[in-house]
Student: 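Can you keep this structure in mind? I'll have questions shortly.
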Protein chains: 2
Amino acid sequence: MRYHRRDVVERAIAVLDEYGLESLSMRRLAAELGLQPSALYHHVPNKQTLLAAIADEILARGRRERQAVEWDRRVVEICCELRDAMLAYRDGCDVVATAHTFGLGASEPATALRAALRDSGLPDDLVEVGTRALLHLVFGHTAEEQAALQAASAGAIDWEPGGTGDFEAGIGLLLDGLRSKVHR
Amino acid sequence: MRYHRRDVVERAIAVLDEYGLESLSMRRLAAELGLQPSALYHHVPNKQTLLAAIADEILARGRRERQAVEWDRRVVEICCELRDAMLAYRDGCDVVATAHTFGLGASEPATALRAALRDSGLPDDLVEVGTRALLHLVFGHTAEEQAALQAASAGAIDWEPGGTGDFEAGIGLLLDGLRSKVHR
DNA sequence: ACCTGAACACCGTTCAAGT
DNA sequence: ACCTGAACACCGTTCAAGT
């Protein structure tokens, strides 16, 4: 059977979700598709690129309509969408955050947050600082939450994840800081 | 020659700083010490534990006196000390942040931040949310900064790191949010 | 206590060759 | 265009045996 890039990315996400990032090797993925490892390099130049494609696909699958009009409500909406998208797949936060760090894709949320902050009337440098701070908070909180959720579902119930409340509280603190800088 | 745990950790930090995290393998470290790979397992139960020990040592080497008395100045002091400690070694942020995420050591900064926020009179839940948010900001910003610094020193000068200004601005935004929650 | 030697079960990537 | 087969240069970890 003959595959295309899209098939490889889709199967990679399935392997990721079922067995976790540490089990998602090029050799394992090839075996899952009934291919030799070398065949994968026809569809993807290397593993890093594959992971970036997975990150983009995870974000695309988590996309939903954004309806808020005020800039601060929109920030919360974007952050929650990002968090939910990453939580929907095992190790999703790891994959998306890494891709973002390496500057390979996963850039839509950053763009959307920047646009929202720009609409607030904040000066350019604060737009930039705020965007990055918001992303760090979302990635940091979600990574912790996902680790806790996965540890709990593996039986090691050592910590109840703060959940949505803690998440929105953290974002809220930063948003308070940003709002105080908007001169009306 | 006979080694102790301390020698192994010290040599591991030297390898990390000179060749980077991706080159710090158990086999490479063993070779650097003139040992068989299996000999390392006499000093350390596994690689994860070694990395946690490295993280703790990096933080210990970056320790400095904290002199601020007001809680918010102390928060800035702790965050800056943490950032500087991690920036002092190649891939230091990666190692410390990972150890912290896995709950293996690297816990002193969290403890110190929690204590500072407690002194502010903030309610317990906000102390917790604030501590984690501050750590996420420090790790997120420092990871980005260190990646940019290392890319720049490797010749790929694609982005000037925001530096201390951007760092303190991000922390400052969150601190504004926290200060607005302190009832006086 | 600390170390060697050998093995087990893996990695990512390249490249000539096949259809 | 898509794939096989074989190879290269690696991993972390275990375990019996040596001193």
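Atoms considered below: every heavy atom in the structure, side chains included; atoms not considered: hydrogens, waters and symmetry mates. The chains referred to below are lettered A, B, ... by the order of the sequence lines, with proteins before strands, and numbering in each begins at 1.
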Student: Answer yes if the ring centres of A:H100 and A:F139 are under 6.0 angstrom apart, and no otherwise.
Tutor: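 Yes - the distance between ring centres of A:H100 and A:F139 falls below the 6.0 Å cut-off.
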Student: Respond yes when some side-chain nitrogen or oxygen of B:H43 is under 4.0 Å from OP1 or OP2 of C:dA1, and no when none is.
Tutor: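 For C:dA1, neither OP1 nor OP2 has a side-chain N or O of B:H43 closer than 4.0 Å.
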Student: Look up atom CD1 in B:I171 and atom CZ in B:R83, then write down how far apart they are to the nearest 0.5 Å.
Tutor: 9.5 Å
Student: In dot-bracket form, how is DNA chain C paired, counting a Watson-Crick or G-U wobble pair only if both its distances are under 3.5 Å and using | for bases paired to another strand?
Tutor: ||.|||||...|||||.||
Student: Could A:R28 and A:E32 be called an ion pair, given the rule that one side-chain N must be under 4.0 Å from one carboxylate O?
Tutor: yes
Student: Check whether any side-chain nitrogen or oxygen of A:H4 sits under 4.0 Å from OP1 or OP2 of D:dC2, and answer yes or no.
Tutor: yes
Student: Can you tell me how far P of D:dC2 sits from CZ of A:R6, to the nearest Å?
Tutor: 11 Å
Student: When rounded to the nearest Å, what value does the distance between C1' atoms of C:dC15 and D:dC3 take?
Tutor: 13 Å
Student: Among side-chain atoms of B:D94 and B:Q146, is any donor-acceptor pair under 3.5 angstrom?
Tutor: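 Side-chain D/A pair, B:D94 to B:Q146: absent.
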Student: At under 4.0 Å between heavy atoms, how does the protein contact nucleotides 6-19 of chain C? Give one character per nucleotide, 5' to 3', with B, S or -.
Tutor: -B---BBBBB----
Student: Answer yes or no: is there an ion pair linking A:E10 with A:R6, defined by an N-O contact shorter than 4.0 Å?
Tutor: no
Student: Is any side-chain heavy atom of A:L178 less than 4.5 Å from a side-chain heavy atom of A:D72?
Tutor: no
Student: Can you confirm whether A:R66 is buried at CZ, in the sense that more than 12 heavy atoms of other residues, nucleotides or ligands lie under 6.0 Å from that atom?
Tutor: yes
Student: With a 4.5 Å limit on heavy-atom distance, are the side chains of A:M26 and A:V44 in contact?
Tutor: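 Yes, side chains in contact.
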Student: Expressed as a whole number of Å, how far does the P atom of C:dA9 sit from that of D:dC10?
Tutor: 23 Å
Student: Within this structure, what is the CG-to-P distance between A:L40 and D:dA1, rounded to whole angstrom?
Tutor: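 After rounding, the gap between these two atoms is 18 Å.
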